[in-house]
Number of protein chains: 2
Amino acid sequence: MASQTEENYLKSLFNLANDKNEVNISELAAQMQVSMPTVNSMVKTLQKNDWLIYEKYKPVILTPQGKKEAALIIRKHRLTEMFLVNKMGFGWEEVHEIAEQVEHIHAPKFFERMDEMMGFPTIDPHGSPIPDKQGRIQEINYLSLSDCKAGQTVILAALTNSSTEFLEFLNGRNLSLGTELKIRSKEAYDQSIVVTYPDHSSETLSEKVCEKLLVKVVE
Amino acid sequence: MASQTEENYLKSLFNLANDKNEVNISELAAQMQVSMPTVNSMVKTLQKNDWLIYEKYKPVILTPQGKKEAALIIRKHRLTEMFLVNKMGFGWEEVHEIAEQVEHIHAPKFFERMDEMMGFPTIDPHGSPIPDKQGRIQEINYLSLSDCKAGQTVILAALTNSSTEFLEFLNGRNLSLGTELKIRSKEAYDQSIVVTYPDHSSETLSEKVCEKLLVKVVE
DNA sequence: CTACATTGTTAGATTATTCTAACAAAATTG
DNA sequence: CAATTTTGTTAGAATAATCTAACAATGTAG
Ligand SMILES: [Mn+2]
Ligand SMILES: [Mn+2]
Ligand SMILES: [Mn+2]
Ligand SMILES: [Mn+2]
């Protein structure tokens, strides 16, 4: 059974993996906030459990088992976040840190019960998909708001970043998942976008913000 | 901040402590299921945090800080058990193992929210008191069913043992907290007691069972 | 293609938690 | 009280997770 530390490494590996499931040691060290020698020794440990393939001086490669293991931890994380928001009244900006701990609890029934109580949600409070019990993830291809054009109407569907600071920025503007935005104009100079949505007749969103907002085009 | 291991030792120390807050190394080793040298080294560590007083060849003594720290972990454990039963539909026999893990989560708001949602309960699903936020415990002096006499009517209020096996034994007889029991007779030979309660006109309970059932005398 | 920067590895050490073996102190018991 | 049992300690080792310092391989930019 994976230790909490190993579980956190697996999650990072999963999130950093490219299309060939490769991850560089330096990226992983940065993500985990540990030194490269620490990662070097940990990947050797993870290899013993067949969660990844390690060869000197090459990026490590997550195995299918490693991916599944990681996805199941991410499942617990996202179910927890959704439970905290939907059933316990937390704000979407408060749940990540708690889920970071709860995800390591070994009690299948606990998470199954959450899942049932919520009616088997498919996304977490930040719009990220919840892997199923087999560790499969349904990928949805949203558009970034920064790639939209003036005149389009879109619905805010997910975020590419869920830091507390960003979530509080969105709270301050009453922006939440499901909000319908009408794109009024786009400034050629700095790529900022002016949007209209319920109770907000004109909000300007910087490119930095727009690129983190994933949307579905309505019309 | 206490590690999970330290927190588990503190809980055991709290539960084993006598009226002078003393605990023997051997008892603690048995409770924690580790060797005595392991306990010996851990108590030296706990002493550094001023959670207990250690002197060679003497029983260790929990300090007030140690007691408080322990009580606050027990608070999280019992709040969790109650939440699992009252808000998530678990049986009282399923919750201890989950709470054993959840009690180590560092997220005051998480437990405060549970507390609020349940209306600030004072006992857990097994009748044990929930320490308050200051780590104070209200002790209730229940009577053991084994000390009751024929003719008395009592209400099942708590258990001195909450093992899954015992809880399943009670489930099998529809015995739960709050059940009103009329004591029909007590066998002098083996101290077994015959009781009557809703839908059960005559159940015989062995002394082994009776001594684990804590009751309030109704009349 | 060399020089420099970046990336990755090894070696060696530290802290936490645990163990077994050996020994020492304290308690019990005849 | 002396012998034995129980309880507690020390020493020494193992594993997990981490670090810094030193060095080696790889990649990049003239
Ligand atoms: Mn999260
Ligand atoms: Mn985590
Ligand atoms: Mn319990
Ligand atoms: Mn525990």
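Below, chains carry the letters A, B, ... as their sequence lines are ordered, and counting in each starts from 1. Values in this document were obtained by computation on a predicted structure and should not be read as measured data.
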More than 12 foreign heavy atoms under 6.0 Å from CD of Q33(A): is that the case here? no
Enter the distance from L28(A):CG to M32(A):CE here, rounded to the nearest 0.5 Å. 7.0 Å
Answer with base, sugar-phosphate or nothing: what part of the nucleic acid does T5(A) contact at a heavy-atom distance below 4.0 Å? sugar-phosphate
Contacts of type salt bridge (charged side-chain N to carboxylate O under 4.0 Å, His left out), residue E7(B), not counting sequence neighbours: none
Within residues 42-54 of chain A, the residues having a heavy atom closer than 4.0 Å to DNA chain C are K44(A), Y54(A)
Near-strand residues of residues 13-32 of chain B, defined as heavy-atom separation under 4.0 angstrom from DNA chain C: none
With heavy-atom distances below 4.5 Å as the criterion, would you say the side chains of L177(A) and L156(A) are in contact? yes
Between side-chain atoms of residues 107-121 of chain B and protein atoms elsewhere (two or more places apart, or another chain), which donor-acceptor pairs fall under 3.5 Å?
{"unit_1": "K109(B)", "atom_1": "NZ", "unit_2": "E94(A)", "atom_2": "OE2", "d": "2.9"}
{"unit_1": "R113(B)", "atom_1": "NE", "unit_2": "M88(A)", "atom_2": "O", "d": "2.7"}
{"unit_1": "R113(B)", "atom_1": "NH1", "unit_2": "E116(B)", "atom_2": "OE1", "d": "2.9"}
{"unit_1": "D115(B)", "atom_1": "OD2", "unit_2": "R75(B)", "atom_2": "NH2", "d": "2.9"}

Residues forming a side chain to side chain contact (heavy atoms under 4.5 Å, CB included) with K67(B), sequence neighbours excluded: F14(B), N21(B), L62(B)
Do you know which of C148(A), C210(A), S144(A) makes side chain to side chain contact (heavy atoms under 4.5 Å, CB included) with V215(A)? C148(A)
Separation of atom CE in M36(A) from atom P in dT20(D), rounded to whole Å: 12 Å
Distance in angstrom units between E6(A) CD and dA16(D) C1', rounded: 9 Å
Checking dT26(D), dT20(D), dA17(D) against the side chain of Y57(A) (C-beta onward), the nearest is dT26(D)
Using a 4.0 Å cut-off to any heavy atom of chain B, which nucleotides of DNA chain C are the first and last in contact, reading 5' to 3'? dT17(C) to dA25(C)
Distance-only polar pair, side chains of [X] and [Y], donor-acceptor under 3.5 Å:
X       : Y      : value
S26(A)  : N24(A) : no
K44(A)  : N40(A) : yes
D124(B) : W92(B) : no

Nearest-nucleotide check on DNA chain D, K56(A) vs Q33(A); residue mapping nearer the 5' end is Q33(A)
